[in-house]
Amino acid sequence: MEKTYQPSSIETKHYEHWEQSNYFQPSGNGAPYSIMIPPPNVTGTLHMGHAFQQTIMDALTRYHRMMGRDTLWQPGTDHAGIATQMVVERLLAADGKTRHDLGRETFIDRVWQWKAQSGGTISSQMRRLGDSVDWTRERFTMDEGLSEAVREVFVRLFDEGLLYRGKRLVNWDPKFHTAISDIEVENKEEQGSLWHFRYPLADGVTTVDGKSYLVVATTRPETMLGDSAVAVHPDDERYTALVGKYVELPLVGRRIPIIADDYVEMDFGTGCVKITPAHDFNDYEVGKRNGAQLINIFDKSAAVLPVAEAFEYSGKALEDFDGTLPDGYAGLDRFDARKKIVAEFDALGLLDSIKDHTLMVPRGDRSHDVIEPWLTDQWYVAATKMAQPAIDAVKNGDIEFVPKMYENEYYNWMNNIQDWCISRQLWWGHQIPAWYDKDGGVYVGRSEEEVRTKYTLDPSLELRRDEDVLDTWFSSALWTFSTLGWPHDMDMVRRFHPTDVLVTGFDIIFFWVARMIMMTLHFIKDENGKGIIPFKKIYMTGLIRDENGQKMSKSKGNVIDPIDLIDGIDLETLVGKRTSGMMQPQLAAKIEKNTRKSFPDGFAESGTDALRFTLTSLASLSRDINFDVKRLEGYRNFCNKLWNAARLVQMNTFAQVEGSDELGAPLDCGQHGGEMEFSLADRWIRSRFQKLEAEVHKHYQQYRFDLMSQTLYSFIWDEYCSWYLELSKPVFWNENSTDAQLRGTRKTVVGVLEALLRLIHPIMPFISEEIWQSLKPVSGETGDSIMLEPFPMPNNASIDSAAEADLEWVKGVIMGVRNIRGELNIAPSKAISVLLANGDAEDKRRYQENEAFLKQLAKLDNIQWLEAADQAPASSQALVGHLKVLVPMAGLIDVAAEKARIAKEVEKTQKELARIEGKLTNEKFISKAPDDVVAKEKEKAEALNSKLIDLNAQVAQLDAL
RNA sequence: AGGACUAUAGCUCAGUUGGUUAGAGCGCUGCCUUGACAUGGCAGAGGUCUCCAGUUCAAAUCUGGAUAGUCCUACCA
């Protein structure tokens, strides 16, 4: 082992060895355990959220592998339809081209090229993270096998009536010219206006108060070109007389009816609402109920059509509709049309008022363009019909969310689920397996050939394939079984279903998790035809945010590439990375400034293990996780600590080579038997270790990686290093230690470390492997890799309560002396003498058995046991139970400082005593609290009382000097 | 508008079924280059557990309310 811990020099070599040795593949032995990776976007890069989730998945995978399970962690990527197409279109745009210039086939070739070029990033990042995925089974959602699964599911759902095509209002992205599903729309509050327009009443009718017009309010004036009614509330007495009458739509000149519908809120605005069924989801429903015409005025870019089109609610076009629109609007963008309409209303004296208004604006999650409700033909999955089994699976406990609170969110959404719009007007994706004849007949099948056979079509009939592709989530919804070979190869599906746990973020619970549950239950059945769940547990991780709680995003410039934390990165490179390739280059200056301020030195190299340990230590059950680089630094130091502890172990278990750092021959550590004598410290650390093992197992069961990390950290640092290794030194350094004593302590020092390494391996795979390998000559281990070794199991036989109590006593005495040293400024280098007084037989035994430990760790040159009759000199005193640890003051101690120290102690003790006596004088506490609680409090009070008396005596003694 | 979640040390967070001297990391103060480690050691300071009320012998923990923040769903045109 190198003298200093250098992660870069150990990580890659172990990973390569593991992968080449096929250690990541299922062993074929033991009960199956499987995890499906949430597939990242193939052309993207991993961010902190991925690193976080993958660390957890890898820890779970390695843990269960070491527990003897037949373990599969399935890797893969998805094709991310819109996101990927968008990137490639941007590349083309740089050359002044659009995808239409290339044509569909050439464009798709270009996307595949881009995938080939960028697709390796993800897998190399995963290798750097140490992910023990079975690379031989890596899958991509556009692979032939997975594409076949997509076609299969589409066709079967269609044949079962669970998938259909229809003309409906969809969320239309006018920038990408595609429909998106409701959950891909982000609603954000924005500042806008509320325009009040006057719509003249037709046929000379007037309102109750004698006006010749109605006032309607709108946030979207441009849609008035498509108005087909004005609605009022049926109970609104101001307007009841007008229901059934008409208004004359300004600019357009169309007569549109006044209808009554209780959708209208009487109290809002004027109580009159313009109804535009083809451009608003609510208006669509109102229009449908009341037979208002469905009038579309926009093209696919949300620019005004030359002539409006009208439809029946069945989707059939109305042939005889007069769609004439006012002059000057054809081809006008929606926002320009808005300005023009407002101006014309104003000019006509029909603009009643304009008010500032805050409204929710729907924007596409990829394009950030304002989404337009638009009438188009789309394909839908009848999710409303598939939801129930998926709800039941969670209700009856087959699938369990961790943390539990997400189940409510799941039910809430599932109970109000909408049919899922799955078609996308893109080129990159799975093309829909549907064909049309020229009369609009629809034929669905796995191929054109199959369609012709299935529907017995005349060979001469011309068929045209649907040009649209499917939502990426449609293919990811099949992920748990399509990756395993469905529909042809069912062996793996049967073996690894249901998978054990899904580790993912709560932000995709609807996009992915819910849909996977529905699809898997529907398509994967057991021998009795009952649906099989995709996974037993869903571990929902929090969202990784930056150190200020901000969501990490490219446009904020606060994303962190996990590899940069592993390898380190200098400030200039980091700034360059964050400000290049931006969608909004104007933000670059601000990002640069923030980056320089937050990380003036860039990131230091921390190594994968430190990063992974940091991530697991953050994995509490909370919903937001703020990632602070400071935390990483702390755990990098922890790796260093472990490394150096291992070096100390080696120095005491291998022969020293004169004038060299190289290790000599392994010493006798009991590998081959021989008599062994274990010191108190040996027995203590073994006992403590059993409890640690039990804790670690428990935390795996409960997915509390944060608590597990903390437990391991404090054991290694505070118990193994700070106490145990220090306590091993007196044995190693004492020339009088017997062979049996040396063997016993060497055995323990090595044995506990070796087991610790296995215990921590799932979180810190590299450093644990490196040290474990170097210990082989003294640990007696012969396996090829730590990752194949059994995970440590607690053994109650090694629990030694007496040793634990004795060692607590030893620690107490040492800490007492150290406290006096610290408070009274006695140099650590100065050896001092102490007296032990007021002790009982147990204290005496402990003192006699552990004198060497006390002398070593408290830096004492002499310890003297005082019997009751002996007179103690003026001393500074610490208490360990009844036992007084006395440091004589002569020549050492400043009386004033000592008095101050005691005063502080007295105050603390009095405060505590008052609190407890308050309880004990309370009748009700005595009578109602359980006896053991009362007894405990009484004991405490007694101890505090005698301590107080003692402290006062000391003060008196000092005063007498 | 409805719902969920959060509020604990200067910062980031733990605190399991009510009984702890309320913990950790980072930061801070003092001392120390002792033969694993200064990426270190030892000692220490720092908290009316957001506020109010209630239940209880006992509340950071349970209940109700308030305030602040985050998120989700829906939406008044």
Hey, is the side chain of [X] poking within less than 4.0 Å of OP1 or OP2 on [N], counting only N and O atoms?
| X | N | value |
| --- | --- | --- |
| A/K940 | B/U21 | yes |
| A/H699 | B/U16 | no |
| A/K630 | B/C26 | no |
| A/R915 | B/U21 | yes |
| A/S620 | B/A14 | yes |

For atom [atom1], what is the distance between [N] and [M], given to the nearest Å?
| N | M | atom1 | result |
| --- | --- | --- | --- |
| B/U34 | B/C42 | P | 15 Å |
| B/U16 | B/C32 | P | 42 Å |
| B/A9 | B/C51 | P | 11 Å |
| B/G25 | B/U61 | P | 25 Å |

Discussion item. Centre-to-centre under 6.0 Å for A/Y406 and A/Y410, is that the case here?
Written reply: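 No; A/Y410 has its ring centre 6.0 Å or more from that of A/Y406.
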
Worksheet entry | Contact pattern, 5' to 3', of nucleotides 32-44 of chain B - B, S or - by protein heavy atom under 4.0 Å | ---BBB-BSSSSS

Discussion item. One character per nucleotide, please: for nucleotides 1-12 of chain B, 5' to 3', B when the base has a protein heavy atom closer than 4.0 Å, S when only the sugar-phosphate does, - otherwise.
Written reply: ----S------S

Worksheet entry | For B/G19, the Watson-Crick or wobble counterpart (both distances under 3.5 Å) |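 Because both required distances fall under 3.5 Å, B/G19 counts as paired with B/C57.
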
